[in-house]
Structure formats: structure tokens, C-alpha cells
Number of protein chains: 2
Amino acid sequence: MDEALTPLVPEATVARLPIYLRGLVDLANDEVGTVSSEQLAATAGVNAENVRKDLSILGSYGKRGVGYEVDFLIEQIKRVLGAGVPIPVVIVGAGNLGRALTHYGGFAAGGFPVKGLVDSSPEAIGQEIAGITVEPFEKLSDVVKKNNCALGIIATPASAAQMVADQLVAAGIYSILNFAPGLVAVPEAVTLRKVDLATELHILAFHEQQRERNE
Amino acid sequence: MDEALTPLVPEATVARLPIYLRGLVDLANDEVGTVSSEQLAATAGVNAENVRKDLSILGSYGKRGVGYEVDFLIEQIKRVLGAGVPIPVVIVGAGNLGRALTHYGGFAAGGFPVKGLVDSSPEAIGQEIAGITVEPFEKLSDVVKKNNCALGIIATPASAAQMVADQLVAAGIYSILNFAPGLVAVPEAVTLRKVDLATELHILAFHEQQRERNE
DNA sequence: CAATGTGAAACAGTTCACAGCA
DNA sequence: TGCTGTGAACTGTTTCACATTG
């Protein structure tokens with residue numbers, strides 16, 4: 001049987017739920033009790049009907065004429081996203097980017113504590129970064145198992161990315177975020193997302209050019 | 001009149017062109033003269049008809065029975081993307097992330113040299129990072145003008161992001177890449193793209209949960 | 001009666017199937 | 001003959017319009 005407990009969430013919705021979650025957490029911190037789709041949309045930068053469609057997929061959690069209860073909605077979104085419990089993350093590559101990501105406290109606050117950091121360079125190994133000791137790349141599998149890491153981040157040069165992905169998969173990691181440019185192939189069962197800085201800049205350059213052309 | 005010289009490129013295509021470009025440059029370095037849609041698709045991780053649709057939007061540059069001429073295609077994609085000439089980039093925020101981005105040589109190689117780096121903290125100002133001296137945030141506008149920066153990157157904490165975006169726009173930057181989490185509003189005419197690490201991890205967590213559920 | 005929930009319409013993007021050309 | 005170029009079908013997503021209800 002296919003997944004069905006949560007009735008099949010479209011990818012576009014999955015991509016927006018974390019944004020709503022962030023807005024909701026802010027509202028909860030401000031002691032706001034209920035929120036309308038209009039207000040939530042404003043915090044997320046989308047339109048209200050979009051918010052309602054997304055939330056209605058999770059279930060009919062709103063009250064007509066009133067809105068959504070902030071705390072309750074936070075719990076529901078966390079449940080759907082699988083963010084009920086913290087998910088330990090391992091970062092491969094302790095260069096500038098790996099260090100930046102390790103320092104980035106937002107991960108831990110958001111439920112993604114960095115619990116492992118490995119690198120292959122002898123200079124990096126043993127260094128302590130944001131309270132984490134850099135382990136040798138060869139220990140990747142041990143680090144993953146010891147800390148129950150379920151998410152892996154590739155922060156190495158492109159040349160190493162494929163090999164690193166292979167090792168992450170071998171270590172039992174099935175969800176990978178790749179910062180290295182270029183193609184990385186993974187087995188069907190693995191989810192790989194990528195953050196491609198050069199591509200982002202190219203897209204901006206395209207729009208920049210469109211703008212100039214229309215002046 | 002609307003843009004028309006290049007006959008309206010769909011966003012999805014714009015997002016893939018840089019990937020093709022990277023693959024093509026690699027092929028050119030390997031002295032490959034022509035490439036089929038099938039081969040190019042393999043380097044980009046998409047399917048061949050997708051490549052053909054995308055390229056046919058730019059013009060009919062392929063030879064039936066043969067494929068596409070690598071060097072020529074590189075030029076055409078660069079032209080469409082507006083990547084014919086290097087576009088100077090300014091980075092706001094010289095913390096871990098800003099430094100990582102400044103060091104990242106891929107930008108310069110890809111035609112996006114970092115020509116400005118500003119920060120508000122007295123300790124950071126004056127430091128030299130990858131050959132760039134950190135200037136005070138107040139000098140942003142001067143730095144942008146002196147170096148003809150056309151792209152801006154926000155690498156500050158979320159709390160400063162909106163203010164930084166406002167200042168970038170005031171300095172004449174209309175294309176912004178934002179690494180800070182949270183909503184940043186910009187005028188209609190400005191293109192803002194964001195890289196949201198927490199969101200990426202949430203999306204991975206969702207798929208991780210789906211996987212577990214189906215086991 | 002203000003705000004949700006949701007069919008229906010419109011739009012965007014992908015895949016299919018094959019005609020057309022070097 | 002092999003590979004491109006593209007209409008047509010399909011799938012996914014957003015927007016619209018409005019009935020529904022606490």
C-alpha cells in the first residue's frame with residue numbers, strides 16, 4: 001500500500017509548509033492565539049487562497065469566521081513534515097562552507113542539530129567548530145551511527161561530491177542536501193536536493209538582462 | 001513593448017540553462033565538438049526531450065542526425081542568460097557564510113566575481129578575505145558604484161535582512177540572492193531569490209518520514 | 001458575517017509520439 | 001538513418017468564485 005495516513009501532500013505544498021511553520025512560531029512567540037489565512041499568507045509571501053489550499057490538505061483545522069489556532073497548527077505541520085523530534089545532521093566538509101553551516105544556529109533551533117562533522121584534510125581533523133570536533137572522513141559511518149544522523153549535507157568541492165554521496169548512502173543516509181556544483185547520482189530510494197549557487201546567480205543575471213532590455 | 005528579442009523563456013527553462021552550460025563547458029574542456037540531447041541530458045540529470053524543448057526555445061541550433069555544436073551552444077546559452085560578460089557581485093555580511101561565499105572560487109570562474117564585501121561589525125571591517133577588503137556597511141553604495149556591482153548577496157542574520165535588502169535596492173541593485181531565513185519584501189521591479197537552508201532540511205525530513213512510513 | 005474549504009477554470013511544465021531533416 | 005523539433009496529451013499548480021459554517 002502507498003502512504004495514506006497523511007493524504008498525499010503535493011510537493012509545492014511541502015515546500016511551503018516550513019515557511020508557514022516559521023511564521024507560526026514567530027506568532028506563537030508573540031503570544032498570538034489565532035491567525036487568518038490572510039495574515040499567515042502575509043508572513044509567508046504568498047496569497048491567502050494558497051495558504052488555505054495547503055492547510056486544507058492536512059485537514060480542516062480552521063474555524064470559519066475566525067481562522068486557525070496557532071499552537072495547534074504548529075503541531076499539525078510539524079507532524080506532517082516529520083519535524084516532531086529533532087533530526088541529527090551530519091556535514092561532510094569542514095571548509096569555509098561546512099564551518100558556516102555548522103555555526104548556523106538556525107539548524108538546531110529548527111530541529112536539525114549538527115551532530116557530526118567530517119573532513120579528509122589532516123589540518124581540519126581534530127579542530128573544534130561550534131562545539132563539534134571534526135572527525136576523519138573515514139569515520140563517517142561511525143559518526144552517523146553513533147549520533148543517529150538521518151540527514152547528510154555535502155559541503156565539499158565538486159570533485160569529491162559523488163564519492164561523498166556514495167559514502168553517505170553506504171552509511172545509511174537516505175536524505176542528502178548537496179552544496180557542491182555538478183551532477184551527483186544517487187539510488188532511486190535516496191532523496192537528494194541541491195543548492196546551486198552558480199545557477200542562482202545565472203537566474204538572477206537572466207532577469208537582470210530582461211530588465212535592462214525593457215528600459 | 002514586452003521582451004521579445006529572445007522569445008520569452010519559461011522560468012523552468014531558465015533554471016536549467018545554467019546546468020546545461022556547466023555540462024557544455026566540461027565537454028568543451030574535454031575537446032568534445034558536438035553533443036546529442038541524450039548526452040547533454042545525462043550531464044544535467046534530466047531527460048532528452050526536456051533538453052530539446054529547452055534548446056528549441058532559444059532557436060533551432062541542432063543538426064538532425066548529429067546533435068548540437070558545443071562551442072556554439074555555449075555562446076547561445078550565455079547570450080540568453082546574459083552571461084556574456086562577468087557580472088560583479090557584492091556580498092553583505094562577512095560572517096562565516098559571507099566568507100565562505102567570498103572564498104568560493106566558482107563564482108569568479110562562472111562569471112560572477114565578488115567585487116565588494118561589506119559588514120557592520122568593527123572587527124570585520126578592514127579584514128582581507130580572498131583578496132577583498134571588508135568595507136563598512138555604510139559604504140555599500142560607494143562599493144556598488146565603484147565596482148559596477150549588479151548582483152547582491154545577503155549573508156547576514158535574519159534580523160538585518162530586510163534593512164540590508166532596502167539598502168541594496170537604494171544602492172541600485174535590482175537582483176538579490178538572500179541567504180537569511182524569513183520574509184524579505186522588495187519592490188516589484190526587484191528580483192529576489194532565496195536560499196533557505198531550514199526549509200531544505202524540512203523538505204528532506206518530510207521525504208525521510210515518507211520513506212519510514214512505507215517500510 | 002467573516003473567514004474557511006473546495007470545485008472549476010486557467011495556467012505552467014512535462015512527457016509522448018512522431019514528422020522532418022541533415 | 002539518427003537525432004532534432006514540435007504539436008498534442010497529460011500532469012501538477014495556481015487562481016478564481018462561491019457555497020458553507022462556526
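If you're wondering where the values come from, they're calculated on a predicted model, not measured in any experiment. Note: hydrogens, waters and symmetry copies are ignored here, and every other heavy atom, side chains too, is used. Quick note on labels: first sequence line is chain A, next is B, and so on, each numbered from 1.
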K.L.:
Does NZ in B:Lys145 sit with more than 12 non-hydrogen atoms of other residues, nucleotides or ligands closer than 6.0 Å?
P.N.:
yes
K.L.:
Looking at A:Phe137, I'd like to know if its CZ atom is crowded, meaning that more than 12 non-hydrogen atoms belonging to other residues, nucleotides or ligands lie closer than 6.0 Å.
P.N.:
yes
K.L.:
Could you tell me the separation between the CG atom of A:Leu58 and the P atom of C:dG5, rounded to a whole number of Å?
P.N.:
10 Å
K.L.:
Taking CZ from A:Arg52 and C1' from C:dG5, how many angstroms apart are they, rounded to a whole number?
P.N.:
8 Å
K.L.:
For B:Tyr20 and D:dT4, give me the distance from atom OH to atom P, rounded to whole Å.
P.N.:
12 Å
K.L.:
For nucleotides 19-22 of chain D, which of its nitrogen or oxygen atoms have a protein nitrogen or oxygen under 3.5 Å away, and what is each distance?
P.N.:
from	atom 1	to	atom 2	distance (Å)
D:dT20	O2	A:Arg64	NH1	2.4

K.L.:
Return the value, rounded to whole Å, for the distance between atom CD1 of A:Ile57 and atom P of D:dG12.
P.N.:
13 Å
K.L.:
Tell me if the side-chain of A:Lys53 makes a donor-acceptor pair with the base of D:dT14, cut-off 3.5 Å, by modelled atom types.
P.N.:
no
K.L.:
Scan side-chain atoms only and decide if A:Arg22 and A:Thr43 contain a donor-acceptor pair under the 3.5 Å cut-off.
P.N.:
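There is no such pair between these side chains.
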K.L.:
Atom CG of A:Leu55 to atom P of C:dT6: distance rounded to whole Å?
P.N.:
12 Å
K.L.:
Between A:Phe112 and B:His202, is the ring centroid distance below 6.0 Å?
P.N.:
yes
K.L.:
Heavy-atom count check: over 12 atoms from other residues, nucleotides or ligands less than 6.0 Å from B:Glu38 CD?
P.N.:
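It does not: B:Glu38 CD has 12 such atoms or fewer within range.
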K.L.:
Counting only side-chain N and O atoms of A:Asn47, is one of them less than 4.0 Å from OP1 or OP2 of D:dT14?
P.N.:
no
K.L.:
Distance check needed: D:dT4 C1' versus B:Tyr61 OH, whole Å only.
P.N.:
15 Å
K.L.:
Nearest whole Å is fine: how far is D:dG12 P from A:Arg16 CZ?
P.N.:
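Result: 15 Å.
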K.L.:
Kindly indicate whether the side chain of B:Val25, heavy atoms from C-beta on, has any atom under 4.5 Å from the side chain of B:Ile74.
P.N.:
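They are in contact (side-chain heavy atoms under 4.5 Å apart), so the answer is yes.
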K.L.:
Does B:Ser36 put a side-chain nitrogen or oxygen below 4.0 Å from OP1 or OP2 of D:dC3?
P.N.:
no
K.L.:
What is the distance from CG of B:Leu40 to C1' of D:dG5, rounded to the nearest Å?
P.N.:
15 Å
K.L.:
Are A:Arg16 and A:Asn50 packed together at the side-chain level, in the sense that at least one heavy-atom pair is separated by less than 4.5 angstrom?
P.N.:
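Counting from C-beta outward, A:Arg16 and A:Asn50 do come under 4.5 Å.
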